[in-house]
Amino acid sequence: MATGKKMRRADRLFQIIQILRRNHFPVTAAKLAEELEVSKRTVYRDMADLAGQRIPVAGEAGTGYVLSSDYDMPPLMFTAEELEAVFLGIELVKQLPDATLAHNANDVLAKITSVIPKKLMDLLTESTVAIKPDNREISKSDTREIRAAIRNERKIFIKYRAADGNISERVIWPIVLGYDFSHSLLIAWCENKKDFRHFRISQIVKIIVMNDSIRTDRKSLKLQWQRWRSTQTSQPDIL
């Protein structure tokens, strides 16, 4: 990765905007200087340049800088390092046990390759990063219905095959899908058990997305699950 001292001024100004965009609180000149690997004096000059270009940055030396939430930055090209990070993320997603996410990852890659110049395209095809090939036979599920139900805060009716082979019927409030490289879990509140449960996607025999909405917003439900998880002495993933 290029250091701040070698970074072109235009790239550095863009990076300052990126840093301000990802922070919800004022960012001090010292923090900017540390990340960009330049002096605070250089940061002060860069902030003055941004102001001269009418970039809506508020703040001053000693208190920190913030970017106006109204600022809509026009599309800008990836750096080589950003592109490699995106490529690595896409390759990781493609190895997850989720067929639809793998297709989504390929779609993202296709969109990126359709707009980047040939120089960056060459960097993408000859990337300096790679994921170890995984030749295991892993069942990949279609999770589109589940993810839509989570986004829309809808209840789900499922038939679920437990580890002992018994099949039960449940009404659940889906919260989030969790992944590792061997299986995926649906984390949900189970109306039948009146508690949180983790369901392996591969063990779900039948799914029906219901018209009923969950009785609390998903953000609050997720916080409740996180508190529940912190109280568990073990983290069983099979029911």
Side-chain angles (χ1 to χ4, degrees), residues 1-96 101 104-105 108-109 111-132 176-181 218-220 222-223 225-227 229-230 235:
M1 179 176 176
T3 64
K5 293 179 181 178
K6 296 180 181 178
M7 189 181 293
R8 294 185 308 161
R9 174 179 166 277
D11 292 337
R12 194 172 65 243
L13 294 179
F14 169 59
Q15 189 60 27
I16 288 174
I17 294 173
Q18 292 289 76
I19 293 170
L20 295 179
R21 290 182 76 180
R22 70 172 184 251
N23 282 278
H24 302 292
F25 302 98
V27 182
T28 64
K31 183 176 180 180
L32 288 168
E34 179 182 2
E35 181 163 345
L36 297 169
E37 299 182 21
V38 297
S39 67
K40 288 197 291 184
R41 179 175 296 180
T42 297
V43 171
Y44 297 148
R45 287 200 300 265
D46 288 344
M47 301 310 295
D49 288 341
L50 289 174
Q53 295 176 29
R54 297 186 178 181
I55 305 298
V57 175
E60 57 186 25
T63 62
Y65 301 93
V66 293
L67 183 68
S68 171
S69 59
D70 297 331
Y71 180 59
D72 184 18
M73 186 168 59
L76 293 171
M77 201 49 61
F78 293 104
T79 66
E81 289 80 9
E82 290 170 341
L83 200 57
E84 287 184 335
V86 170
F87 173 75
L88 199 63
I90 288 172
E91 291 301 301
L92 283 168
V93 170
K94 287 164 65 175
Q95 289 195 17
L96 296 177
L101 281 184
N104 296 152
V108 170
L109 185 59
K111 289 179 180 179
I112 291 173
T113 56
S114 70
V115 297
I116 61 176
K118 184 179 183 305
K119 181 179 178 180
L120 286 180
M121 183 63 187
D122 291 341
L123 287 173
L124 189 60
T125 56
E126 299 296 331
S127 177
T128 63
V129 296
I131 299 297
K132 179 182 177 181
V176 67
L177 277 170
Y179 296 90
D180 65 18
F181 291 105
R218 187 167 64 91
K219 183 177 179 180
S220 298
K222 188 174 182 179
L223 288 173
W225 165 68
Q226 289 170 337
R227 287 194 292 267
R229 184 179 58 176
S230 68
Q235 300 296 322

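Below, all heavy atoms of this structure are taken into account, side chains as well, without hydrogens, waters or symmetry copies.
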[X] versus [Y]: any side-chain heavy-atom pair under 4.5 Å?
| X | Y | result |
| --- | --- | --- |
| L67 | I55 | yes |
| R9 | D49 | yes |
| T28 | T63 | no |
| I19 | K31 | no |
| F25 | V66 | no |
| T42 | D46 | yes |

Trace of the side-chain contact (heavy atoms from CB on, under 4.5 Å) decision for Y179 with V93: CA-CA 10 Å; Y179 296 90; V93 170; over 6 Å; no

Distance, nearest 0.5 Å, that separates CD of Q15 from CG of L32: 10.0 Å

Gap between atom CG of N23 and atom CZ of R21 - 0.5 Å precision: 12.5 Å

Evaluation steps, side-chain contact (heavy atoms from CB on, under 4.5 Å), between L20 and I16: CA-CA 6 Å; L20 295 179; I16 288 174; 4.1 Å; yes

R22: partners by salt bridge (Lys or Arg N to Asp or Glu O under 4.0 Å), with sequence neighbours left out: E35

R229 to W225 six-membered ring, cation-pi geometry met (6.0 Å, 45°): yes

E34, CD atom: more than 12 neighbouring heavy atoms under 6.0 Å: no

Residues that I131 engages under side chain to side chain contact (heavy atoms under 4.5 Å, CB included), provided they are two or more places apart: L88, E91, L92, Q95

Side chain to side chain contact (heavy atoms under 4.5 Å, CB included) against I90, all qualifying residues, sequence neighbours excluded: V86, K94, A105, V108, L109

Nearest non-hydrogen partners of D180 and L96, listed with the distance: O-CD2, 3.8 Å

